[in-house]
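For the numbers below, each heavy atom of this structure counts, side chains included, while hydrogens, waters and symmetry mates do not. In what follows, chains carry the letters A, B, and so on, assigned in the order in which the sequence lines appear, proteins first and then strands, with residues in each chain numbered from 1. Bear in mind that the values here come from a model prediction, so they are computed numbers and not experimental data.
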Number of protein chains: 2
Amino acid sequence: MANVRLHRLGDLQLRIMQVLWDRGEASVADVHDALGARPKLAYTTVATMLRKMEARGLAAHRTEGRTFIYRAAVAEERVGRNMAEHVLDRLFQGSLATMVSHLLTAREVSGDELAELERLIAERKRTP
Amino acid sequence: MANVRLHRLGDLQLRIMQVLWDRGEASVADVHDALGARPKLAYTTVATMLRKMEARGLAAHRTEGRTFIYRAAVAEERVGRNMAEHVLDRLFQGSLATMVSHLLTAREVSGDELAELERLIAERKRTP
DNA sequence: TTGACAATACTACCGTGGTAGTATTAACTC
DNA sequence: GAGTTAATACTACCACGGTAGTATTGTCAA
């Protein structure tokens, strides 16, 4: 179960996982209208995707009546870390500073955000 | 040319791009042995991949004799930023602090690295 | 000039993300 | 009980990353 490739989730899969992470549990219908995209996806598309994701170990479900109630089977933390590390290693040779530098020069970052970053780094320096 | 989907490059493609970025130009043979993977890829695999990548606008080539000399057609910066931003938006709701926090708790980060991060943030605070 | 080599071109195949239609079935309503 | 509804199951298809074999052809050496 731990051996799921976590750094190659597609866009739709990620959006679905986000719904599951946010809600804890969700039926196909819940997920379907939670992702209120412009050209609305077909209901069956979401259902199929969820089935595939369960087969891949990303989600799981229980049954309520004859409705499937899905939940995430991998923690958001794990996926986030995996994908972030993948990008970090593959594109920035593992240098967090380089990555942050690129991100800082291409986005508006609020003062709060910067302060929080400072705090994190200071904290990390204290505990090696 | 600007409209290449840059946030969905596969692993092999990224490794190849890395070679092109590092060297500026490279023949298929150059790329082939630059990626010295454990079960060595077939030469034709690399050639095919490069052709596909050129079709996708990721690389380009000139001819020297009858040898193709490839080069990257997109800047490392752009790809790096794109992939990083994608992960940032999709998994950390755009919060750089959140992403960095996750990365800090799961990797060894050198003191130099932390100092550099601090410097970056301080600099950014000075120039809004 | 013939053969060997080295290059690209072409073709094929698998896995999987993404998309959705059709089929089946369970359940509710009248 | 018959019909409608709402759920999943099944199937199919495209795009594309990844992998590689076979075919073709240009070039150089003997």
Side-chain angles (χ1 to χ4, degrees), chain A residues 3-20 25-33 35-71 74 79 83 86-87 90, chain B residues 3-20 25-33 35-71 74 79 83 86-87 90:
Chain A
N3 278 17
V4 197
R5 292 271 174 278
L6 292 182
H7 60 90
R8 291 203 66 70
L9 302 203
D11 241 50
L12 178 57
Q13 296 191 337
L14 244 17
R15 284 195 293 144
I16 290 176
M17 288 307 288
Q18 209 68 63
V19 174
L20 297 182
E25 291 194 323
S27 67
V28 176
D30 290 340
V31 174
H32 180 236
D33 41 60
L35 3 122
R38 6 301 167 199
K40 199 85 170 165
L41 286 175
Y43 179 92
T44 52
T45 298
V46 178
T48 302
M49 205 63 225
L50 278 164
R51 227 170 322 106
K52 286 187 176 183
M53 286 166 72
E54 178 156 32
R56 267 184 99 23
L58 297 171
H61 81 274
R62 64 183 177 83
T63 311
E64 190 165 283
R66 70 198 182 93
T67 303
F68 282 16
I69 309 290
Y70 284 93
R71 64 181 177 281
V74 288
V79 176
M83 295 194 69
H86 183 249
V87 170
R90 275 270 177 272
Chain B
N3 277 17
V4 198
R5 293 274 172 276
L6 292 183
H7 61 90
R8 290 204 67 67
L9 302 204
D11 242 50
L12 177 57
Q13 296 190 337
L14 282 181
R15 285 195 293 142
I16 290 176
M17 288 307 288
Q18 209 69 61
V19 175
L20 297 181
E25 292 193 320
S27 67
V28 176
D30 290 340
V31 174
H32 180 238
D33 42 59
L35 4 122
R38 4 305 164 196
K40 198 87 170 164
L41 287 174
Y43 178 93
T44 52
T45 298
V46 178
T48 302
M49 205 64 225
L50 277 164
R51 225 169 323 105
K52 285 186 177 184
M53 287 166 70
E54 178 156 33
R56 264 179 99 18
L58 296 171
H61 82 274
R62 65 184 177 82
T63 310
E64 189 165 282
R66 68 196 184 96
T67 303
F68 282 18
I69 309 289
Y70 284 93
R71 63 181 177 279
V74 288
V79 176
M83 295 194 69
H86 183 249
V87 170
R90 275 271 176 271

*Asks:* Look at the side chain of A:M49 and decide which nucleotide, out of C:dG18, C:dT22, C:dC10, has an atom nearest to it.
*Replies:*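 Closest nucleotide to the A:M49 side chain: C:dG18.
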*Asks:* List the atom of A:L9, the atom of A:M83, and the distance in Å for their closest heavy-atom pair.
*Replies:*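 Result for this residue pair: O-CE, 4.3 Å.
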*Asks:* If you check the A:Y43 side chain, which of C:dT19, D:dA7, D:dT19 turns out closest?
*Replies:*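 Closest nucleotide among those given: D:dA7.
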*Asks:* Using whole Å, report how far CG of A:L9 lies from P of C:dG17.
*Replies:*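 To the nearest whole Å, that distance equals 8 Å.
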*Asks:* Are the side chain of B:E54 and the backbone N or O of B:H61 linked by a donor-acceptor pair below 3.5 Å?
*Replies:*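 Between the backbone of B:H61 and the side chain of B:E54 there is a qualifying donor-acceptor contact (under 3.5 Å).
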*Asks:* In sequence, state the C-alpha distance, the side-chain angles, and the governing distance for B:L35 and B:Q18, and then conclude on side-chain contact (heavy atoms from CB on, under 4.5 Å).
*Replies:* CA-CA 10 Å; B:L35 4 122; B:Q18 209 69 61; over 6 Å; no
*Asks:* Looking at D:dT19, C:dA9, C:dA20, which one has an atom nearest to any side-chain atom of B:L41?
*Replies:*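 The listed nucleotide nearest to B:L41's side chain is D:dT19.
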*Asks:* What heavy-atom pair brings B:A26 and B:L20 nearest, and what distance separates the two atoms?
*Replies:*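 For B:A26 and B:L20, the tightest heavy-atom pair comes out as CB-CD2, 4.1 Å.
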*Asks:* With nearest nucleotide decided by heavy atoms, which residue, A:G65 or A:L14, maps closer to the 5′ end of DNA chain C?
*Replies:*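 Result: A:L14.
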*Asks:* Starting from P on D:dA15, measure out to CD on B:Q13 and report it in whole angstrom.
*Replies:*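 For the pair B:Q13 CD and D:dA15 P, the rounded distance is 17 Å.
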*Asks:* Measure from CG on A:L12 to P on C:dT16 and round the result to the nearest Å.
*Replies:*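 So the two atoms are 17 Å apart, to the nearest Å.
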*Asks:* In whole Å, I'd like the distance from the CG atom of A:D30 to the P atom of D:dA6.
*Replies:*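 Distance, rounded to whole Å: 15 Å.
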*Asks:* Does the base of C:dA27 carry an N or O that pairs as donor and acceptor with the side chain of A:R66 under 3.5 Å?
*Replies:*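 No, the side chain and the base share no sub-3.5 Å donor-acceptor pair.
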*Asks:* Heavy atoms from C-beta onward define the side chain here; which of C:dT16, D:dT22, D:dG17 lies closest to that of A:R56?
*Replies:*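 For the A:R56 side chain, the nearest candidate turns out to be C:dT16.
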*Asks:* Taking atom types as they are modelled, is there a donor-acceptor pair under 3.5 Å from the base of C:dA20 to the side chain of A:T48?
*Replies:*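 Per atom types, the contact qualifies.
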*Asks:* Would you say a side-chain N or O of A:T45 is under 4.0 Å from OP1 or OP2 of C:dA20?
*Replies:*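 Yes.
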*Asks:* Whether B:R5 contacts D:dC16 is assessed here as follows: a side-chain N or O lying under 4.0 Å from the phosphate OP1 or OP2. Is that the case?
*Replies:*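 Negative; the distance criterion is not met.
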*Asks:* Taking all heavy atoms of B:S27 and all of B:I69, pick out the closest pair and write down the distance.
*Replies:*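 In terms of heavy atoms, the two residues are closest at CB-CD1, 4.4 Å.
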*Asks:* Please determine if a side-chain N or O atom of A:T44 lies less than 4.0 Å away from the OP1 or OP2 oxygen of C:dA20.
*Replies:*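 No.
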*Asks:* Which part of the nucleic acid does A:A47 contact within heavy-atom distance under 4.0 Å: base, sugar-phosphate only, or nothing?
*Replies:*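 Counting heavy atoms under 4.0 Å across all strands, no contact is made by A:A47.
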*Asks:* Let me know the distance between CD1 of B:I16 and P of D:dG18, rounded to the nearest Å.
*Replies:*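 Taking CD1 of B:I16 and P of D:dG18, I get 8 Å after rounding.
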*Asks:* Of A:S27 and A:K52, whose closest DNA chain D nucleotide lies nearer the 5' terminus?
*Replies:*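 With A:K52 and A:S27 compared, the 5'-side residue is A:S27.
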*Asks:* I need the CZ-C1' distance between B:R8 and C:dG17, as an integer number of Å.
*Replies:*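 These atoms are roughly 7 Å apart.
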*Asks:* Check whether any side-chain heavy atom of B:K52 sits under 4.5 Å from a side-chain heavy atom of B:T48, and report yes or no.
*Replies:*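 The answer is yes, as the side chains (C-beta and beyond) meet within the 4.5 Å cut-off.
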*Asks:* Has A:R51 got a side-chain N or O lying under 4.0 Å from the OP1 or OP2 atom of D:dA9?
*Replies:*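 The answer is yes; a side-chain N or O of A:R51 sits under 4.0 Å from OP1 or OP2.
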*Asks:* Whole angstrom is fine here: how far is it from CZ in A:F68 over to P in D:dA6?
*Replies:*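 It works out to 18 Å between those atoms.
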*Asks:* Where the side chain of A:D11 is defined as all heavy atoms beyond and including C-beta, which of C:dC10, C:dA20, C:dG18 is the nearest nucleotide?
*Replies:*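 Taking heavy atoms from C-beta onward, the closest nucleotide is C:dG18.
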*Asks:* Please report, rounded to the nearest Å, how far the P atom of C:dT16 is from the NE2 atom of A:H7.
*Replies:*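 After rounding, the gap between these two atoms is 13 Å.
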